[in-house]
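Notes follow once the structure below has been shown.
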Amino acid sequence: MSTQTVAQPRTWRARLGASERVGTSGQRPSAASRILLWLGVVLTILFCLFPFYWMINTSLKTGGELSTGHVFPHHPSLDNYTSIFKNSDFTTALRTSAIVAGGSTLIALTIGSFAAYALARLRFKFKFLILALILSTTTFPPIAIAAPLFKIWTSGLFGIRLYNTYLGLILPFLTFILPLTIYILTSFFQEIPKDLEEAALVDGATRFQAFRKIVIPLAAPGLVTAGLLAFIFAWNEFLLSITLTSSANRRPVSAAIAFFTGSQQFQIPLGTIAAATVTITVPLIVLVIIFQKRIVAGLTAGAVKG
Amino acid sequence: MSAAQATVAARPRRRRSEISERRLAAYLVSPSLIVIALVAAYPICYAIWLSLHQYSLIHPGLSRWVGLDNFRDAITSSAFWSSVKITFIFTAISVTLELVIGLAMALLMHAAFRGRSVLRAVVLVPWAVLTVGTAMMWKTIFDADLGFANQVLQALHLPGGHTVWLGQNGYAMAVMIFADVWKTAPFMALLLLAGLQVIPDDVYEAAKVDGATVWQRFVSITLPLLRPAILVALIFRTLDALRIFDLPFVLTQGSNGTTTLSLYAYQQLTQNRLIGPGSSLAVLTFIIVMAVSFLYIRLVGGNIRALAEDT
């Protein structure tokens, strides 16, 4: 400890001569670092946006122009978009995704907020064990549950065949979005001061009333964060979506787009694939940009899954 | 005396409220536990059971207990080890690149300049693109005939303008890594940015006063203090990369050296309908991921415990 404190000033002083020289030479280093900074900013923006811009660009090209490297379409046309929206497989898949991702998010928020409240507020045994168990399911590889679920769903669970149904996708999606929701909501509930709730309890409210009338409204931002992330993860899911569905009318967009062949046969459907990719992504990008702060808070506070 | 009486009097009441609190907790937690038992725990156990059986292709429904034969066949096959190798190479390279690029992006977003909130929104765009969409996008860009990559190379008269990117070993892996880095480096950057934001400014000020250079400040302040955030980010990304499925499925269908563990198990299960051997592969994938997440519990388990005890 003492050797360190003695040694450190010596090394800093040794460097001091050099840095003083830089310091006295005015604003030069700061200008250089400014340039470096803006170079980094431009590179990051290009890296993040250009590929997606290229997709939009491709989606607006048709025919021979698709094989050109034009950085913007010379003959922009929405033909690719009209063609995918005429394709009933695609529009059905959009609806399926909305139902399945929305349904699983609502269930996860409902039962997840119950569990998160208990974990954040109540005293009970095995709390750490229960939380660890719930969180450990986020590490399950989907492939490990895909085959058994396929067998269980096709042969029927309690006499109900869940294969190729909405519920058959909603339930397994909960394996990864429920732990995420519980983790985010638990940390949000912990940040809500206990006083309000305790005041309500003293006034004769039941625990459940305190939860419903006081905690839930205060935790609304947390619910939005958890709901958005859950919805995005469910919208993204792919492996279970292709394993547990068999027909186009129950296939979510992630699965539909992988099997997308476009309207014309014997032609690389580059334009339509691009249009479909843009169509299913733009709503998410809009959501993410509107709720930027919430999402970053959820990703970094929870950071359960990438 | 009176205090002792008070505690004696209070005890039964407190116990009753403790019991009711426990009962309420049980009611509140059980729906989640039931769902997880139904769609995670039970299927995993069933997968293990399936992996210990051999299924007849000719008579569906007929199964025979074969013990660990499927596992023995798996770990003695070259296809399994090849998929393990591919998965680990993919994980090592993509996670390393994501860490380096993510850290650079995080430092950039942390720097004070006007419009950095715009940069933070921009960085979220790749994260918001569907994984399957990402794969489709890069498949289009690296298309041998119509792809943008080759068009640029040709326009600049650079060699390799006719590369069949997804049709060759090595190149196909490179495209897959590139696509993954594009999509997830920004996510890494956001995790690291959160870590950067909790480092107090006065530490840097003190070092500046002492004359530490930018590089010295980065190595002796930023990196050590960022270690927990780096660790968390690395582990999340590693667990995800080990399970990678969507990218190779869409990009190459696993051809040209891109058959990852999950994809190999999927092919055995669905295309070849080898339920027993395929399940053993899925279980092996599960064991590998669990072994890595055990490391995760060891390293960041303290955080979970803190969350559980912070009541």
Side-chain angles (χ1 to χ4, degrees), chain A residues 12 15-16 19 37 40-41 44-45 48-49 51-52 54-55 66-67 69 111 114-115 117-118 122-124 127-128 130-132 137 139-141 143-145 147-149 171-172 174-175 178 186 190 207 236 238-239 254 257-258 270 273 277 280-281 284-285 288-289 292 296 299-300 303 306, chain B residues 21-22 24-25 28-29 31-32 35-36 39-40 43-44 46-47 105 108 111 119 121-126 128-133 136-137 140 146 148 151 155 184 187 190-191 194 210-211 232 236-237 239-240 243 245-246 250 262 265-266 269 279 282 285-286 289 293 304-305 307-308 310:
Chain A
W12 293 142
R15 312 264 172 192
L16 204 61
S19 69
L37 177 81
V41 171
T44 306
I45 291 177
C48 292
L49 294 188
F52 191 64
W54 191 256
M55 235 30 210
L66 278 168
S67 56
I111 64 176
F114 294 163
Y117 180 74
L122 305 178
R123 273 170 227 281
F124 57 97
K127 193 190 272 189
F128 174 70
I130 288 174
L131 189 59
T137 58
T139 64
F140 282 21
I143 185 69
I145 59 168
L149 283 178
L171 283 177
L174 291 172
T175 50
L178 186 58
T186 304
Q190 279 174 351
R207 269 277 183 191
N236 245 314
F238 181 63
L239 176 47
S254 58
I257 201 167
L270 216 58
I273 284 177
T277 307
I280 58 172
T281 303
L284 290 194
I285 291 182
V288 161
I289 287 175
Q292 193 206 129
V296 172
L299 280 179
T300 51
Chain B
E21 198 166 311
R22 264 186 223 162
L24 179 65
L28 290 177
V29 173
S32 293
V35 165
I36 283 170
V39 290
I44 287 282
Y46 193 35
M105 282 183 181
L108 205 62
L119 191 63
V122 162
V123 152
L124 275 171
V125 168
V129 179
L130 217 69
T131 313
V132 179
M136 280 291 179
M137 195 174 81
T140 323
L146 304 174
F148 179 66
Q151 283 166 358
T184 53
F187 168 74
L190 291 171
L191 288 187
D210 286 345
V232 169
F236 286 140
R237 284 303 315 140
L239 292 183
D240 257 7
R243 292 179 283 184
F245 175 81
D246 327 26
V250 175
S262 284
Y266 177 83
L269 281 165
S279 294
T285 311
F286 175 66
V289 176
S293 37
I304 302 173
R305 197 176 282 275
L307 191 70
D310 188 23

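Below, chains carry the letters A, B, ... as their sequence lines are ordered, and counting in each starts from 1.
Proximity to chain A involves both the backbone and the side chain of B:Tyr266, based on heavy atoms less than 4.5 angstrom apart. Proximity to chain A is limited to the side chain of B:Val250, based on heavy atoms less than 4.5 angstrom apart. Using a 4.5 Å cut-off between heavy atoms, A:Thr137 touches chain B through its side chain atoms alone. Only the side chain of B:Val35 comes within contact range of chain A, with heavy atoms under 4.5 Å apart. Only the side chain of A:Leu178 comes within contact range of chain B, judged by heavy atoms closer than 4.5 Å. Only the side chain of B:Val289 comes within contact range of chain A, with heavy atoms under 4.5 Å apart. When heavy atoms are compared at a cutoff of 4.5 Å, B:Met105 approaches chain A solely by way of its side chain, counted from C-beta outward. Only the side chain of A:Ile280 has a heavy atom closer than 4.5 Å to any heavy atom of chain B. Interface residue B:Leu190: backbone and side-chain heavy atoms are both found under 4.5 Å from chain A.
Of the listed residues B:Leu269, B:Ile36, B:Val122, B:Leu108, the one with more heavy-atom pairs under 4.5 angstrom with chain A than any other is B:Leu108. Contacts with chain A were tallied for B:Ala282, B:Pro31, B:Pro43; B:Pro43 has the most, counting heavy-atom pairs under 4.5 Å. Of the listed residues (B:Val29, B:Leu130, B:Val132, B:Thr140), the one with the most heavy-atom contacts under 4.5 Å to chain A is B:Leu130. Options A:Leu284, A:Leu49, A:Thr277, A:Ile111 differ in how many heavy-atom pairs under 4.5 Å they form with chain B, and the most are formed by A:Ile111. Ranked by heavy-atom pairs under 4.5 Å with chain B, the first of A:Ile289, A:Leu174, A:Val41 is A:Val41. Of all the listed residues (A:Ile45, A:Thr44, A:Ile285, A:Leu239), the one sharing the greatest number of non-hydrogen pairs under 4.5 Å with chain B is A:Leu239.
B:Arg243 places a side-chain N or O within donor-acceptor distance of the main-chain N or O of A:Phe140, the cut-off being under 3.5 Å.
Across all their heavy atoms, A:Pro148 and B:Tyr46 have their closest contact at CB-CD2, 3.5 Å. The heavy-atom pair separating B:Ala40 from A:Thr175 by the smallest distance is CB-CG2, 3.6 Å. What you find for B:Met136 and A:Ile257 is that their closest heavy atoms are CE-O, 3.0 Å. Between A:Leu37 and B:Ala111, the shortest heavy-atom contact is CD1-CB, 3.6 Å. The two residues B:Arg22 and A:Arg123 have their closest heavy-atom pair at CG-O, 3.8 Å.
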(request) Would you check, one step at a time, whether the test side chain to side chain contact (heavy atoms under 4.5 Å, CB included) holds for A:Met55 with A:Thr281? (result) CA-CA 11 Å; A:Met55 235 30 210; A:Thr281 303; over 6 Å; no
(message) Could you walk me through whether B:Thr131 and A:Phe238 satisfy the side chain to side chain contact (heavy atoms under 4.5 Å, CB included) test, starting with their C-alpha distance in whole Å, then the side-chain angles of each, then the deciding distance to 0.1 Å, before giving a yes or no?
(response) CA-CA 8 Å; B:Thr131 313; A:Phe238 181 63; over 6 Å; no
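At a threshold of 4.5 Å between non-hydrogen side-chain atoms, the residues A:Val296 and B:Leu124 count as touching.
For B:Phe148, the ring pair (Phe, Tyr, Trp, His ring centres under 6.0 Å) criterion is met by A:Phe50, A:Trp54, not counting sequence neighbours.
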